There are 2 protein chains.
Amino acid sequence: MPPAGRPRTFNREEALQRAMLLFWKNGYEGTTMADLVAAIGMKAPSVYAAFGNKDALFKEAVELYTSRVEQGPLNALEQSDSIGQALENSFANSVNMMSSPEISSCLIMAGAINCAPEHQEHVQHLRSLRVVYKETLRNRFLRAKNDGELIEDADPEALAEFYFSFIHGLALRAKDGSTKAELESSCKFALQALALVLRQSQPR
Amino acid sequence: MPPAGRPRTFNREEALQRAMLLFWKNGYEGTTMADLVAAIGMKAPSVYAAFGNKDALFKEAVELYTSRVEQGPLNALEQSDSIGQALENSFANSVNMMSSPEISSCLIMAGAINCAPEHQEHVQHLRSLRVVYKETLRNRFLRAKNDGELIEDADPEALAEFYFSFIHGLALRAKDGSTKAELESSCKFALQALALVLRQSQPR
DNA sequence: GCAATTATGTAACATGGATTACATTATTTG
DNA sequence: CAAATAATGTAATCCATGTTACATAATTGC
């Protein structure tokens with residue numbers, strides 16, 4: 001039984017998806033409510049009625065992004081038993097999502113950098129999501145160490161920080177126009193470097 | 001002979017330096033003219049008279065930043081004959097400049113990401129400066145290959161892209177709160193990875 | 001059909017932030 | 001001292017952008 005009142009003439013999910021794509025492409029500050037309203041194809045009051053305000057819409061968009069896009073690299077990290085495979089899959093996943101021609105980069109990694117005072121809500125929000133990725137990476141390296149995949153000297157925290165820096169940089173390179181091939185060759189080298197801390201790796 | 005007219009009551013260079021520090025800390029969009037005017041300690045018309053407008057002031061601030069701050073890592077890249085030393089010095093230099101407690105990160109690398117439409121002038125400007133860094137890195141690797149420092153298989157372009165991604169990421173990690181120690185241990189690993197492509201390196 | 005409810009479109013309002021008009025003040029030159 | 005020149009402070013103006021008031025339209029339940 002639909003609720004009383006005039007029914008919506010647009011699809012909320014579809015509208016959210018369009019908003020997400022815009023935010024992905026241009027970030028929070030680079031996307032105006034006018035842009036969003038136009039992309040959704042309705043007038044401002046309808047969008048406000050459906051989503052609240054810009055902050056709330058952004059939050060929902062980021063949730064959609066997280067579940068649809070960011071989850072890929074995150075899951076890949078955990079699904080393989082070998083740390084090498086895990087990273088390789090995660091990177092491949094990241095590069096793919098960063099390489100859509102019109103959109104490019106990563107909403108979370110490349111979002112709201114140096115754009116607004118630190119205390120603004122969306123800045124904190126994105127940062128906390130970056131922390132999630134970092135923690136996932138960190139836990140994966142701790143597990144690898146535990147599993148005996150890494151040499152004694154290997155420092156999982158440092159490795160996580162290194163690979164996270166690299167991934168973070170990839171997102172910016174994508175934003176700055178690096179091709180998929182360039183991103184991929186970067187990743188290839190980053191993965192080769194893992195040999196330096198793998199226990200069973202055979203030096204060439 | 002000073003020009004006719006009332007003399008300025010503030011030091012232009014000092015004002016520019018303060019503006020640069022603000023832009024460094026908060027980026028172009030995160031810094032308002034009101035902030036700048038307050039930091040300089042004058043009223044808006046005086047600042048406009050001295051610097052033109054926000055864009056022009058930003059441009060001058062970035063020039064100051066480039067010559068005073070960014071030049072360090074760039075010079076370090078070229079001043080050493082060994083690619084390993086060159087990178088090590090450049091990274092150390094970068095980490096130092098990114099680690100000032102109150103300021104942190106890099107004006108050029110972390111500036112104007114996903115904050116404003118691509119076509120805005122300051123966005124293009126920062127991007128072009130990033131290209132300079134990338135090109136310097138690329139040329140340094142080409143030279144290393146030429147000098148016989150690298151193995152046959154080494155791809156200087158890919159190496160440049162990788163290390164630039166990493167440096168780019170470092171800037172964001174710094175912005176996101178990584179400690180100097182974390183940045184340093186990341187760099188250490190990144191430099192160890194160079195062994196994979198160094199001709200004379202002895203595998204362990 | 002009528003009341004209640006919710007969406008829509010038009011047209012505003014509110015705010016923050018870049019920029020400037022104008023009168024005034026301080027300095028050099030003649 | 002007068003004229004010219006340039007800086008200063010006050011107080012606006014302009015504009016983009018987020019947000020909402022209000023009248024109207026479409027739907028449900030009685």
Side-chain angles (χ1 to χ4, degrees), chain A residues 1-16 18-19 22-23 25-62 112 114-123 125, chain B residues 1-16 18-19 22-23 25-62 112 114-123 125:
Chain A
M1 54 209 127
R6 179 172 177 174
R8 200 170 269 143
T9 60
F10 66 99
N11 183 315
R12 194 180 187 280
E13 286 180 54
E14 198 179 312
L16 180 58
R18 290 182 189 196
L22 266 190
F23 279 131
K25 186 173 180 184
N26 299 324
Y28 179 91
E29 297 86 359
T31 309
T32 70
M33 282 304 294
D35 293 340
L36 293 163
V37 162
I40 290 172
M42 297 298 298
K43 299 304 163 78
S46 299
V47 175
Y48 277 86
F51 297 102
N53 60 10
K54 188 182 179 182
D55 268 29
L57 176 52
F58 183 69
K59 210 163 187 175
E60 275 200 66
V62 170
N114 237 334
C115 302
E118 306 278 315
H119 61 272
Q120 285 194 21
E121 199 160 345
H122 70 274
V123 177
H125 186 209
Chain B
M1 54 208 128
R6 180 172 177 172
R8 199 172 267 143
T9 60
F10 65 99
N11 183 314
R12 193 180 189 279
E13 284 180 55
E14 199 178 312
L16 180 58
R18 290 182 188 195
L22 266 190
F23 279 130
K25 186 172 179 186
N26 299 322
Y28 178 91
E29 297 85 359
T31 309
T32 70
M33 281 306 292
D35 294 340
L36 293 162
V37 162
I40 290 173
M42 296 298 297
K43 300 305 164 77
S46 298
V47 175
Y48 277 85
F51 296 104
N53 60 10
K54 188 181 179 182
D55 268 29
L57 176 52
F58 183 69
K59 210 163 187 175
E60 273 199 66
V62 170
N114 237 335
C115 301
E118 305 277 315
H119 62 271
Q120 285 193 19
E121 199 160 346
H122 69 275
V123 177
H125 186 208

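Just so we're on the same page: letters track the sequence lines, and every chain starts at 1. In this text the structure is predicted, and so the values were computed from the model without any measurement.
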Qualifying residue, where the test is side-chain contact (heavy atoms from CB on, under 4.5 Å) with L22(A) and the options are T32(A), T31(A), I40(A): T31(A)
Under 3.5 Å donor-acceptor pair, R6(B) side-chain atoms to dT25(C) base atoms: yes
Nearest-nucleotide comparison on DNA chain D, the residue closer to the 5′ end among T9(B) and G5(B): G5(B)
Min side-chain heavy-atom separation K54(B)-F23(B) under 4.5 Å: yes
Out of dT28(C), dG9(D), dT25(C), whichever nucleotide has its closest atom nearest the side chain of K43(B): dG9(D)
Distance in angstrom units between F51(B) CZ and dA18(C) P, rounded: 16 Å
V62(A) vs H122(A) side-chain heavy atoms within contact, under 4.5 Å: no
Gap between atoms CZ and P, on F10(A) and dT6(C) respectively (whole Å): 15 Å
Closest to side chain of K54(A), choosing from dT19(D), dT20(C), dA7(C): dT19(D)
Nearest-neighbour nucleotide for the P45(A) side chain, dA21(D), dG18(D), dA6(D) considered: dA21(D)
Atom pair distance, as rounded to whole Å: CG in L22(A) and P in dT17(D): 14 Å
Spacing between M42(A) atom CE and dT10(C) atom P, to the nearest angstrom: 11 Å
L57(A) CG - dT17(D) P separation (whole Å): 16 Å
Short side-chain N/O contact to dG17(C) OP1/OP2 from T32(B), under 4.0 Å: no
Student check: side-chain heavy atoms of F58(A) and E121(A) closer than 4.5 Å: no
Nearest-neighbour nucleotide for the S46(A) side chain, dT8(D), dG9(C), dT5(C) considered: dG9(C)
Non-hydrogen side-chain atoms of L16(A) and L57(A) separated by less than 4.5 Å: yes
Of the listed nucleotides dA26(C), dT10(D), dT27(D), the one nearest the side chain of P7(B): dA26(C)
Interatomic distance, M33(A) CE vs dC15(D) P [rounded to whole Å]: 23 Å
Closest listed nucleotide, where the reference is the side chain of A44(A) and the choices are dT19(D), dA18(C), dT8(C): dT19(D)
Gap between atoms CD1 and P, on I40(A) and dG18(D) respectively (whole Å): 13 Å
Nearest-angstrom distance from the residue atom CG of L36(A) to P of dT19(D): 11 Å
